[in-house]
Amino acid sequence: MIRQLVIGRECRDDVIAHVESQMPLEACGLLAGKNDRVEMALPVRNQAQSPVRFVMDPHEQLKAFERIDSTGLDLLGIFHSHPTGPETASVTDIAEAAYDVVHVICSKSGGQWNLRGFWIENGQAAEVSLLMDG
């Protein structure tokens with residue numbers, strides 16, 4: 001289990017720009033890096049085109065995985081937005097979690113996007129510290 005992720009300002013800004021651009025739909029993507037440091041955010045189209053659900057477009061997801069491999073990075077996280085809440089992993093998020101990575105939920109509160117991380121395992125979500133660098 002990963003206990004924390006360090007996300008640089010540029011990656012955080014990339015995530016927020018993507019989720020904002022997809023409003024009012026849920027947005028999604030992958031986070032890549034080494035150890036506990038995110039070095040790259042890779043937006044992936046939400047095939048579901050839904051404000052309450054995301055399904056990564058398989059072709060874009062594959063391209064993102066190939067880019068992660070070609071840069072020598074590891075998959076550290078999956079991000080997606082909850083445009084109208086909740087600020088935590090939903091029942092659906094927990095049921096459909098397929099990767100042993102940090103699941104980063106982006107939610108808007110008071111006009112600002114907030115990012116929270118969760119490790120999902122055995123039907124449970126445990127919060128992971130997200131440290132913003134820069």
Side-chain angles (χ1 to χ4, degrees):
M1 174 177 158
I2 297 173
R3 301 225 182 262
Q4 74 173 22
L5 274 185
V6 179
I7 303 176
R9 180 174 301 278
E10 185 176 334
C11 288
R12 182 182 187 281
D13 290 349
D14 290 347
V15 168
I16 291 172
H18 179 60
V19 299
E20 187 68 37
S21 75
Q22 300 302 301
M23 287 289 288
L25 305 176
E26 281 199 13
C28 54
L30 305 177
L31 300 171
K34 283 288 186 190
N35 302 314
D36 66 352
R37 182 170 293 277
V38 174
E39 298 176 30
M40 185 186 309
L42 300 110
V44 174
R45 188 177 79 81
N46 179 0
Q47 185 174 322
Q49 293 294 292
S50 167
V52 295
R53 181 168 173 73
F54 81 97
V55 176
M56 287 193 187
D57 177 282
H59 298 292
E60 287 193 18
Q61 186 178 10
L62 180 59
K63 281 191 216 175
F65 281 139
E66 288 171 347
R67 182 149 180 230
I68 291 168
D69 286 344
S70 72
T71 56
L73 300 176
D74 300 317
L75 177 65
L76 298 182
I78 294 172
F79 72 86
H80 75 278
S81 60
H82 285 176
T84 58
E87 294 182 2
T88 61
S90 68
V91 172
T92 303
D93 295 335
I94 293 168
E96 296 183 355
Y99 295 93
D100 291 334
V101 297
V102 176
H103 296 262
V104 176
I105 309 296
C106 310
S107 61
K108 207 167 195 178
S109 175
Q112 298 234 348
W113 285 102
N114 299 305
L115 278 59
R116 291 179 69 190
F118 298 90
W119 185 266
I120 300 174
E121 189 173 39
N122 299 323
Q124 301 291 318
E127 190 147 15
V128 172
S129 294
L130 297 182
L131 304 175
M132 299 304 157
D133 187 19

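Quantities reported herein were computed from a predicted structural model and do not represent experimental measurements. For the numbers below, each heavy atom of this structure counts, side chains included, while hydrogens, waters and symmetry mates do not.
Within the model, atoms CG of N114 and CD1 of I16 stand 8.5 Å from one another, a figure rounded to the nearest 0.5 Å. Taking CD of E39 as the reference point, atom CD1 of I68 lies at 11.5 Å (rounded to 0.5 Å). Between the OG1 atom in T88 and the NE2 atom in H103 there is a gap of 13.5 Å [rounded to 0.5 Å]. The structure places CE of M23 at 8.0 Å from OG1 of T84, a figure rounded to the nearest 0.5 Å. Atom CG of L130 and atom CZ of R12 lie 10.0 Å apart (nearest 0.5 Å).
Shown here for S81 and W113, the closest heavy-atom pair between the two residues is CB-CZ3, 4.2 Å. Scanning both residues, H18 and C28, for their nearest heavy atoms gives NE2-O, 3.2 Å. Closest non-hydrogen pair, E26 versus P51, comes out as CG-O, 3.6 Å. E87 approaches S107 most closely through the heavy-atom pair CG-OG, 3.1 Å. Pairing each heavy atom of F79 with each of L42, the nearest pair is CE2-O, 4.2 Å. Heavy atoms only, all atoms of each residue included: I120 and A125 are closest at CG1-CB, 4.1 Å.
Residues I105 and F54 fall into different hydrophobic clusters, defined by Ile, Leu, Val, Met, Phe, Trp and Tyr side chains chained together at heavy-atom separations under 4.5 Å. Cluster annotation: F118 is not connected to M132 through the hydrophobic network of ILVMFWY side chains, with a link wherever side-chain heavy atoms come within less than 4.5 Å. Linking ILVMFWY residues whenever their side-chain heavy atoms come closer than 4.5 Å, directly or via other members, places I2 and L31 in the same cluster. L115 and V44 fall into different hydrophobic clusters, where Ile, Leu, Val, Met, Phe, Trp and Tyr are joined by side-chain heavy atoms under 4.5 Å apart, directly or via other members.
Across L5, V104, V102, V101, a single residue satisfies side-chain contact (heavy atoms from CB on, under 4.5 Å) together with L76, and that is L5. When each of H80, Q47, E96 is paired with R53, the side chain to side chain donor-acceptor pair (under 3.5 Å) condition holds for E96 and for no other.
Taking 4.5 Å as the limit, some side-chain heavy atom of D93 sits within range of a side-chain heavy atom of H82. You'll find the side chain of R45 stays beyond 4.5 Å of the side chain of H59, heavy atoms only. Looking only at side-chain heavy atoms (C-beta outward), L30 and R67 stay at 4.5 Å or farther from each other.
Not one N or O on the side chain of D13 forms a donor-acceptor pair closer than 3.5 Å with the backbone of E10. For the pair D133 (side chain) and I7 (backbone), a donor-acceptor distance under 3.5 Å is absent. K34 places a side-chain N or O within donor-acceptor distance of the main-chain N or O of G72, the cut-off being under 3.5 Å.
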CA sep, side-chain torsions, deciding dist, call: T71, M40, side chain to side chain contact (heavy atoms under 4.5 Å, CB included): CA-CA 10 Å; T71 56; M40 185 186 309; 3.9 Å; yes
Please report the C-alpha distance between E127 and R116 in whole Å, then the side-chain angles of each, then the deciding distance to 0.1 Å, and finally whether the salt bridge (Lys or Arg N to Asp or Glu O under 4.0 Å) criterion is met. CA-CA 8 Å; E127 190 147 15; R116 291 179 69 190; 2.7 Å; yes
Check against side chain to side chain contact (heavy atoms under 4.5 Å, CB included), V52 and T92: CA-CA 10 Å; V52 295; T92 303; over 6 Å; no
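More than 12 heavy atoms of other residues, nucleotides or ligands lie within 6.0 Å of CD in Q49, so this atom counts as buried by the packing criterion.
Note: F65 and Y99 have tilted aromatic rings, judged against thresholds of 30 and 60 degrees for the angle between ring planes.
Counted by atom type alone, Q4 and D36 present one or more donor-acceptor pairs between their side chains at under 3.5 Å.
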